[in-house]
Student: 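So that we are looking at the same thing, I have put the structure below in C-alpha cells.
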Amino acid sequence: MTSERSSRFIKVKGIVQGVGFRPFIFNLAEKFSLTGWVRNSSSGVEITVSGDAIGLDSFISEIRSAPPPLAHIDSLIATNVPWQEFAGFVIQTSLQENGARVPISPDMSICPDCQRELFDQADRRHRYPFINCTNCGPRFSIIKDIPYDRPKTTMAGFELCSNCRAEYENPRDRRFHAQPVACNECGPKVWFSVKCGTVSEKDEAITQTRAWLRAGKIVAIKGLGGFHLACDASNVQAVNALRERKKRSDKPFALMAFSVKIIRRYCEVSPEEEALLTSPQHPIVLLRQKYETNIAPEAAPGQNHLGFMLPYTPLHLLVLEPGEGYPDIFVMTSGNLSEEPVAYLDEEASRRLDPIADGFLMNDRPIHMRVDDSVARVCSGVPYLIRRSRGYAPQPITLPIPTRQILACGAELKNTFTLSVGQQAYVSHHIGDMENYETLSSFESGIEHYKNLFRITPEIIAADLHPDYLSSRYAMELAQRTALPIIRVQHHHAHMAACLADNGWDSTDPVIGLTFDGTGLGTDGVIWGGEVLVGGYSGFERRFHLSELPLPGGDASIRHPSRIALAYLAACGLDADTNLPPMQSLCSEERTILRSQIEHRINTPLTTSMGRLFDAVSALVGVRQTATYEGQAAIELENICDQQENAPYNIPIEKDVMLVRPLLEQILRDWSAGVANSTISARFHNGLAHLALEVCKQIRRNTSINTVALSGGVWQNMTLLAKTLALLNREGFTPLIHRQVPTNDGGISLGQVMIAHYQINQ
C-alpha cells in the first residue's frame, strides 16, 4: 500500500544558519526520497518538499529530533500546500526579507573531525591554523550582516581556491557553505612579528611562538574574538612580568592546557566539569586546584580554584601541542591593560599591547566583533555561568512572554545589554566594567551591531536607577534624542526578574527574592545590596534588608576592606582592639581621617550591601585588608572556609532588619579567643545560609509563597550557595538559580527587559 503524495512548506526558526542546516535538509530529503528545495531567509530557513506522506512525516520528525550539532530550533511550522512537482532536491540562493530576523550562531570551538584533520599528515589542511567546517569555527565574531553568507563576513576578501570551492558547493560535504572555509592556498595566514617587523610566517611563525614561550617570553596571540597574552604558567618571572606590564595586581589569570588529561595533573575534574570543558563552547571552567603543582603561585594568588580552558581554535592547538621540554600549562589571559576591553583590531592591538608583549603571533583574518572568553563552573551537576560571552552569545534566551522591542542597558560592572523582540532576548556578550571611554565605545558599537543583525528598532529603553552609571547616562541621552520612553529599574528588582526570566517564569504570582550583591542604588537613596524582596516582574516589596551602615568612600570602598570593617565597628558602637588586623593595617593618621569622615558623613553613604559585609569580615579576621579587584576579599574568605564546621553565627532579625552588630560581636569574640579563621569563615557562611532560610520561612508563614529566586553577585560564592540551597530544599522551598545568564550584574539587563515590558503595559 502506498501513501498519498503531498507537498509541504516548512518554516524553521532558531539558530539554523551557518550550522550546516541546509545540507542536513538536502541529505535528509534524499534519505526519504523527497524532492523540492531549501533556502536561507532573513528570518530562518524555508523548505518546500514533495513526496509520499509517510516520508514527509518522517522527514519532519527527524528535523525536530536530530538537527545538526550547532543548530537550535525555536519553532518549526509545516503547512500543507498544493502538490508541486520537482525534478530533484536543490539548495536555492538565500532570500533577504526586509525587517526579518534570524538568530546567529555563537563562535564554536574546533570540532573533533577538524582537530583530527589538523594533525593528519595526509590531509591537505595538515597544520592549517584556520581549519573549520559547518560544525565549528568563527560565526558571530566575523559576521557583518544577515543572511549569514560569506560576502557578509570578514572572509569576503579571501577568494576560494578550486578545492575549497568544490567542498563549499557540495551539499554532501561537511564544509558545504561553511562561510569561513579556507586552506593554506586561499585562506588567512599567520606570521610572527616583533617591534622591528615580521620575523617568520606560516608554520615557522608557530614554531617561533613556541620557542619564545618556552624561553619565558610573553606573546600576544590573535585568536577568535580578540587577542590573548600568553606565557609559560610555570615560569615565575614570566608570570610576574605579565602582571607588572598588564597592571593586574592579584586577579587570577586564565590558564590553557592541550588536553583534559594535562589539566587533571593540576586540578580535580569531575565528569560534569570535563563535559563543560569539552563542550562546543569550551569556556574557562573554575576547578579545584591540587596541592604542590609547578604552576607559579602568582598565576592565581590566594586562590584554591584555577580557571582552565582547552584550546578552542586550531591555532591554539598548534601553539600548545605537547613536545619534549615544552611547557604544558600556559597563562592565556585577555589582551588588554587592566580594566580595558580586549584588543581585537590589528593596529589597535599593536599599539595597546606593544608595552606588554615581547612578540606577536598575528593573522590576517579580520575580527568584526570582539568577544571575550566565557567563564563558568559546575553547580548541582550543571553549568553555572560567571561570564557569558564566546560560545554562548548571541544565542537568544526564550522569554516566558512576548515583549515589545526593548533595549536594556544593564549595569555598571560586568555589563551586558539586551535587545528583545517577541519572545527572544538577545543578551549581549560580556562588555566589561563601564569605567572608561574604551568600554563605553565597545558598549555603543555592540548595541548598533545587535540592532542591525537582529533587525530590532527599540521602542522602549530600560536602565538602572543609578544616574551616574555610564550605561544609565547612555540610556538617558538616547531617550532624550529619540523621544523614546525610558524605564528606570531598581538594581535588585532587576536581579530578581533576571532569575525569573532565566527560569522561564511566566506567572504573575509573587516569589521571594534573595538578592545579595555588592551595591545598587535603592529607591530610598541608600546603597542596597543585602535585600529580601517579595514580588515579580511588575513590582516588588522590600521585606528585609541588612542593617544600614556607613560606606566610607562610596564605590571606592571596594578597594579598602579595612576601612569598611572599622566603619562598621564604629557604626555598631563596638570598640576596635588595637591588635585587630584592620587597625594594624591603617596608620594613626588614616584612622583619624576615617573617624572624621564617618562622623561628618563626608562621602560616606549608607549601605545594606551583603558584598561589603563579606569585605568587612574578611578584613576583621586578617584575610584581606586591601583589594585589587572587586570581590577579592570575599573570594579569599570563602577559600579558607572549613567545610567540616557546621555551627552558624546567629544573625537576629528585628522587624525588617537583619542585624549586623550581633554578628560582628560573635566574630570579634571568636577572633579574640584565638578561633581559627577557617572556622570563623565557616560559621559566617553557615550563619548567612540559616538567615536566608529564616527570612524565607517568615515570609512563607505570612504569604504561603514557596518559590525563592537567588540572584546577585554574592551567589557566585559556591559555599554559601550550596549551604543555602540544601536548607531551602530540606524545608520544602522551590529555589530558582541562574542557568543561562550570570547571577552577577552580567544578568541584570535580562531582568530590566522584563520589568520594562510590564511597567510600560500597566
Side-chain angles (χ1 to χ4, degrees), residues 14-21 23-24 65-74 103-119 129-143 148 153 174-181 223-226 254 256-260 263 269-287 307-317 320 332 369 371-378 381-398 426-427 429-430 739-742:
I15 297 178
V16 289
Q17 293 189 17
V19 293
F21 203 84
F24 162 73
S65 62
L70 301 186
H72 184 276
I73 296 175
D74 291 328
I104 304 299
S105 171
D107 301 303
M108 288 296 180
S109 63
I110 183 172
C111 70
D113 289 332
C114 284
Q115 184 166 338
R116 188 164 47 251
E117 292 172 350
L118 180 69
F119 293 108
F130 304 99
I131 188 171
N132 68 87
C133 68
T134 55
N135 296 324
C136 67
R139 298 291 192 277
F140 174 62
S141 61
I142 65 170
I143 187 171
Y148 176 61
T153 73
R174 197 175 89 248
R175 293 187 169 91
F176 175 77
H177 277 232
Q179 307 308 337
V181 68
L224 198 63
M256 184 179 279
F258 186 82
S259 66
V260 175
I263 294 175
V269 184
S270 69
E272 294 82 4
E273 289 166 337
E274 180 175 359
L276 184 55
L277 280 165
T278 59
S279 68
Q281 292 81 12
H282 272 39
I284 298 167
V285 180
L286 299 182
L287 304 168
F308 262 107
M309 59 180 158
L310 293 171
Y312 54 85
T313 71
L315 181 62
H316 287 122
L317 283 166
L320 268 68
M332 198 68 68
M369 181 57 59
V371 189
D372 221 328
D373 293 317
S374 294
V375 183
R377 63 192 315 164
V378 170
V382 295
Y384 191 67
L385 291 175
I386 306 299
R387 184 167 74 200
R388 182 181 185 270
S389 204
R390 174 187 53 77
Y392 297 93
Q395 182 167 332
I397 291 170
T398 301
Y426 297 91
V427 181
H429 54 292
H430 172 76
R739 291 302 183 197
Q740 302 176 84
V741 297

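Because the structure is predicted, anything quoted here is derived from the model rather than measured.
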Student: Would you check if I263 and V269 make a side-chain contact, meaning some heavy-atom pair closer than 4.5 Å?
Tutor: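 Yes, close enough: below the 4.5 Å cut-off.
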Student: Does the R388 side chain pair with the main chain of V427, one donor and one acceptor, at a distance under 3.5 Å?
Tutor: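 Indeed, once roles are kept as given, a pair shorter than 3.5 Å links the two residues.
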Student: Residues two or more places apart in sequence or in another chain: which of them pass side chain to side chain contact (heavy atoms under 4.5 Å, CB included) with V378?
Tutor: E272, E273, L276
Student: Carefully, step by step, assess M256 and L310 under the rule side-chain contact (heavy atoms from CB on, under 4.5 Å).
Tutor: CA-CA 6 Å; M256 184 179 279; L310 293 171; over 6 Å; no
Student: Report the distance from atom CZ of R175 to atom CG of D113, rounding to the nearest 0.5 Å.
Tutor: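 Separation between the atoms: 8.5 Å.
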Student: Taking atom OG of S374 and atom NE2 of H282, what is their separation to the nearest 0.5 Å?
Tutor: 12.5 Å
Student: Looking only at non-hydrogen atoms, find the nearest pair between M309 and L277 and report the distance.
Tutor: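 Answer, listing the atom of M309 first, then L277: CA-CD2, 4.3 Å.
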Student: What heavy-atom pair brings P311 and A257 nearest, and what distance separates the two atoms?
Tutor: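 Closest approach of P311 to A257, heavy atoms only: CD-O, 2.9 Å.
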Student: Restricting to non-hydrogen atoms, name the atom on P67 and the atom on S65 that form the minimum distance, rounded to 0.1 Å.
Tutor: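 Smallest interatomic distance, heavy atoms only, reads CD-C, 3.5 Å.
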Student: Measure the spacing between SG of C111 and CG of L70 and express it to the nearest 0.5 Å.
Tutor: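 C111 SG to L70 CG: 8.5 Å, rounded to 0.5 Å.
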Student: Mind checking side-chain hydrogen bond (donor to acceptor under 3.5 Å, both in side chains) for S141 and listing every partner two or more places apart, or none if nothing turns up?
Tutor: D107
Student: With a 6.0 Å cut-off on the ring centroids, do Y392 and H429 count as close?
Tutor: no
Student: Run the numbers on V285 and F308 for side-chain contact (heavy atoms from CB on, under 4.5 Å), then give the verdict.
Tutor: CA-CA 5 Å; V285 180; F308 262 107; 5.8 Å; no
Student: Report yes if the side chains of T134 and V181 come closer than 4.5 Å at any heavy-atom pair, otherwise no.
Tutor: no
Student: Do L320 and M332 have side chains that get closer than 4.5 Å, going by heavy atoms?
Tutor: yes
Student: Give the intermediate values and the outcome of side-chain contact (heavy atoms from CB on, under 4.5 Å) for residues L385 and V741.
Tutor: CA-CA 6 Å; L385 291 175; V741 297; 6.0 Å; no
Student: Between OG1 of T153 and CD1 of I142, what distance do you get to the nearest 0.5 Å?
Tutor: 4.5 Å
Student: Can you check whether T313 reaches I110 side chain to side chain, under 4.5 Å on heavy atoms?
Tutor: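 Of all side-chain heavy-atom pairs linking I110 with T313, none is under 4.5 Å.
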Student: Report yes or no: is the cationic atom of R390 (NZ for Lys, CZ for Arg) under 6.0 Å from the centre of the six-membered ring of Y312, at an angle within 45° of the ring normal?
Tutor: yes
Student: How far does CD1 of I386 sit from CZ of R377, to the nearest 0.5 angstrom?
Tutor: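 CZ of R377 is found 6.0 Å from CD1 of I386.
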Student: With sequence neighbours left out, what residues match Q740 under side-chain hydrogen bond (donor to acceptor under 3.5 Å, both in side chains)?
Tutor: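 Per chain and number, Q740 pairs via side-chain hydrogen bond (donor to acceptor under 3.5 Å, both in side chains) with D502.
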Student: Looking only at heavy atoms, which two atoms of C114 and R174 are closest? And how far apart?
Tutor: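 Closest pair (atom of C114, atom of R174, distance): SG-NH2, 3.3 Å.
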Student: Flag the pair P106 / I15 as yes when at least one side-chain heavy-atom distance between them is below 4.5 Å, and no otherwise.
Tutor: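 P106 vs I15: side chains touch.
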Student: If you look at every heavy atom in F140 and I104, which pair is closest and at what distance?
Tutor: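 Heavy atoms only, the tightest pair is CA-CG2, 4.3 Å.
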Student: CZ of R139 to CG of N132: how many Å apart, nearest 0.5 Å?
Tutor: 7.0 Å
Student: Report yes if some heavy atom in the side chain of P280 is under 4.5 Å from a heavy atom in the side chain of P69; otherwise report no.
Tutor: no
Student: Go through the steps for S389 and H430 under the test side-chain hydrogen bond (donor to acceptor under 3.5 Å, both in side chains), then give the verdict.
Tutor: CA-CA 5 Å; S389 204; H430 172 76; over 6 Å; no
Student: Which pair of non-hydrogen atoms, one from P138 and one from L224, has the smallest distance, and what is that distance?
Tutor: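 Minimum heavy-atom separation between P138 and L224: CB-CD1, 3.6 Å.
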